[in-house]
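Here the structure is laid out as C-alpha cells; the discussion comes afterwards.
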Amino acid sequence: MLRPCLFSNLVLSVFISASLLAQQDQPPAASTAQEYPVMLEQNVIAGKTPEGTKVQAKLSIATLVNGTVVPRNAVFSGEVTESVAKTKDAPSRVSVRMDSVAWKNGSAAVKLYMTAWFYPNMMDAGQELQYGPTKSPQGSWNGQGEYPSDAKSYKPFPDSQQKDQPVPDTPNSVTSKHRVLIKNVESVAASDGGVELVSKKSNIKLERYTTYVLAATGLEAGK
C-alpha cells in the first residue's frame, strides 16, 4: 500500500508530465503584426502635402482584414495626419493613416499607417535597354521623351520591316517579393499611438505607384 505522501508525489508527477506534453502539442502563437502591401495613388511629400490631405492606395495582393479576405485592388482611404519639412535642427516627419478599405462587394473600417517599408521594382530579364512604343515629348514624364532613370535606357521598338535586325529581349519591371526599408527613413511611434515616418537626412517623399506597407504598428525586419 502506497503511503499518502508517495501517492501525492506520483499524482503530481503525472500531472506535470501531462501538462508539458500538452504544451508541446500546441502550435506557437501567431504574430499579431499584420501587413498590407498597397500601391499609393498620389505623392506625399513632407512639408508640401498639407495635413488633412485625402489619400488612397490599392491593395497589391488579396489579404485577410479583420477576418475577411479583401481582394486585390481594394482601395484603402485615409489622410495625411502629419507633414513636417526637415529643418536645420529637426527631422522631416510624415504620417499617413488609412481609415477604411472598400471593394466591389464590401467594405471595412481599419486603422492602419504607412510604414518605412516598401517593395522595390526590379528588372527581371532582358538587356540594358527598355524597349517600347515611341513616345512624344509631350506625353512623357519629363517632357523629353524619356523614361525615369531607374528604368534604364529607353528606345523605341526596332523597325519590324528590317528583317535582319532581331527584336531584343524586353526587360520587365516587376515588384520584388521582399520588402526593404526606405533609405534614411524609420518608423516611430506617434503621439496618437499610430506610426509616423522620420528622416534626419532629407524630406520624406512617398511616391505614387510605389508599393508601400501598411500596418497598425511599425514592422520589424522580416520578409
Side-chain angles (χ1 to χ4, degrees), residues 30-49 55-65 70-78 80-86 90-98 101 110-130 141-142 147-154 170-190 193-223:
S31 172
T32 57
Q34 190 169 3
E35 56 192 81
Y36 308 88
V38 296
M39 182 173 288
L40 195 61
E41 296 199 330
Q42 64 259 66
N43 293 335
V44 175
I45 305 173
K48 291 187 177 181
T49 304
V55 295
Q56 290 188 326
K58 287 187 177 180
L59 188 63
S60 299
I61 185 172
T63 308
L64 193 67
V65 178
V70 176
R72 181 175 179 268
N73 289 329
V75 177
F76 283 87
S77 299
V80 177
T81 59
E82 185 172 21
S83 179
V84 179
K86 181 183 179 302
S92 65
R93 295 179 177 272
V94 164
S95 183
V96 177
R97 186 189 68 230
M98 295 297 184
V101 57
V110 297
K111 190 175 183 180
L112 301 169
Y113 297 85
M114 200 71 73
T115 69
W117 296 91
F118 80 111
Y119 287 85
N121 289 330
M122 303 171 61
M123 307 302 289
D124 69 340
Q127 301 176 353
E128 289 297 311
L129 299 180
Q130 170 79 38
W141 75 285
N142 64 352
Y147 274 177
S149 59
D150 61 357
K152 301 188 178 182
S153 301
Y154 177 84
T170 303
N172 296 315
S173 178
V174 296
T175 302
S176 171
K177 296 180 180 179
H178 303 282
R179 57 176 167 82
V180 298
L181 283 169
I182 304 171
K183 187 176 181 181
N184 298 322
V185 177
E186 61 179 334
S187 304
V188 301
V195 178
E196 65 179 10
L197 307 182
V198 177
S199 176
K200 298 177 181 179
K201 298 292 185 179
S202 61
N203 277 338
I204 299 170
K205 181 178 181 180
L206 302 177
E207 297 185 339
R208 184 183 185 189
Y209 299 143
T210 299
T211 301
Y212 294 98
V213 179
L214 294 177
T217 62
L219 296 171
E220 300 296 330
K223 55 186 180 179

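The shown structure was predicted, so the numbers you read here are calculated from the model rather than taken from an experiment.
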Check: Are any of the side-chain heavy atoms of Ser199 and Pro91 separated by less than 4.5 Å?
Finding: no
Item checked: Pairwise side-chain contact, Leu59 with Asn73, heavy-atom cut-off 4.5 Å (strictly under) -> no
Check: Is there side-chain contact between Pro120 and Val180, with heavy atoms separated by less than 4.5 Å?
Finding: yes
Notebook entry, point to check: Which of these passes side-chain contact (heavy atoms from CB on, under 4.5 Å) with Leu206: Val94, Val185, Ile45?
Noted result: Val94
Next item on the list: Report yes if the side chains of Tyr209 and Leu40 come closer than 4.5 Å at any heavy-atom pair, otherwise no.
Entry: no
Checklist line | Atom pair CD/CE of Gln56 and Met39 - distance to nearest 0.5 Å | finding: 14.5 Å
Margin query: Distance alone, cut at 3.5 Å: any donor-acceptor contact between the side chains of Tyr36 and Gln34?
Written below: yes
Checklist line | Step-by-step side-chain contact (heavy atoms from CB on, under 4.5 Å) determination, Asn43 to Arg208 | finding: CA-CA 5 Å; Asn43 293 335; Arg208 184 183 185 189; 3.3 Å; yes
Check: For the atom pair CH2 (Trp117) and CD1 (Ile182), what is the distance rounded to the nearest 0.5 Å?
Finding: 10.5 Å
Next item on the list: Only one of Val198, Asn203, Ile204 passes side-chain contact (heavy atoms from CB on, under 4.5 Å) with Arg93; say which it is.
Entry: Val198
Margin query: Checking Val96 against Tyr113 for the side-chain contact (heavy atoms from CB on, under 4.5 Å) test, could you report, in this order, the C-alpha distance in whole Å, the side-chain angles of both residues, the deciding distance, and whether it holds?
Written below: CA-CA 6 Å; Val96 177; Tyr113 297 85; over 6 Å; no
Next item on the list: Give the C-alpha distance, both sets of side-chain angles, the deciding distance and a yes or no for side-chain contact (heavy atoms from CB on, under 4.5 Å) between Val55 and Gln42.
Entry: CA-CA 7 Å; Val55 295; Gln42 64 259 66; 3.7 Å; yes
Notebook entry, point to check: About how many Å separate CE of Met98 and CG of Leu214, when rounded to the nearest 0.5 Å?
Noted result: 5.5 Å
Notebook entry, point to check: Given side chains that start at C-beta, do those of His178 and Tyr119 come closer than 4.5 Å, heavy atoms only?
Noted result: no
Checklist line | Derivation and outcome, side-chain contact (heavy atoms from CB on, under 4.5 Å), residues Phe118 and Thr211 | finding: CA-CA 6 Å; Phe118 80 111; Thr211 301; over 6 Å; no
Check: For the residue pair Tyr212 and Glu207, what are the closest heavy atoms and their distance?
Finding: OH-N, 2.7 Å
Checklist line | Sidechain-backbone polar pair: Ser187 side chain, Thr115 backbone, donor-acceptor under 3.5 Å | finding: no
Checklist line | Smallest separation among heavy atoms of Lys48 and Ser83, with atom names | finding: N-OG, 4.1 Å
Item checked: Test item: Val44 and Thr49 side chains (from C-beta on) under 4.5 Å apart, heavy atoms -> yes
Next item on the list: Could you tell me whether the side chain of Arg179 reaches within less than 4.5 Å of the side chain of Val213, counting heavy atoms only?
Entry: yes
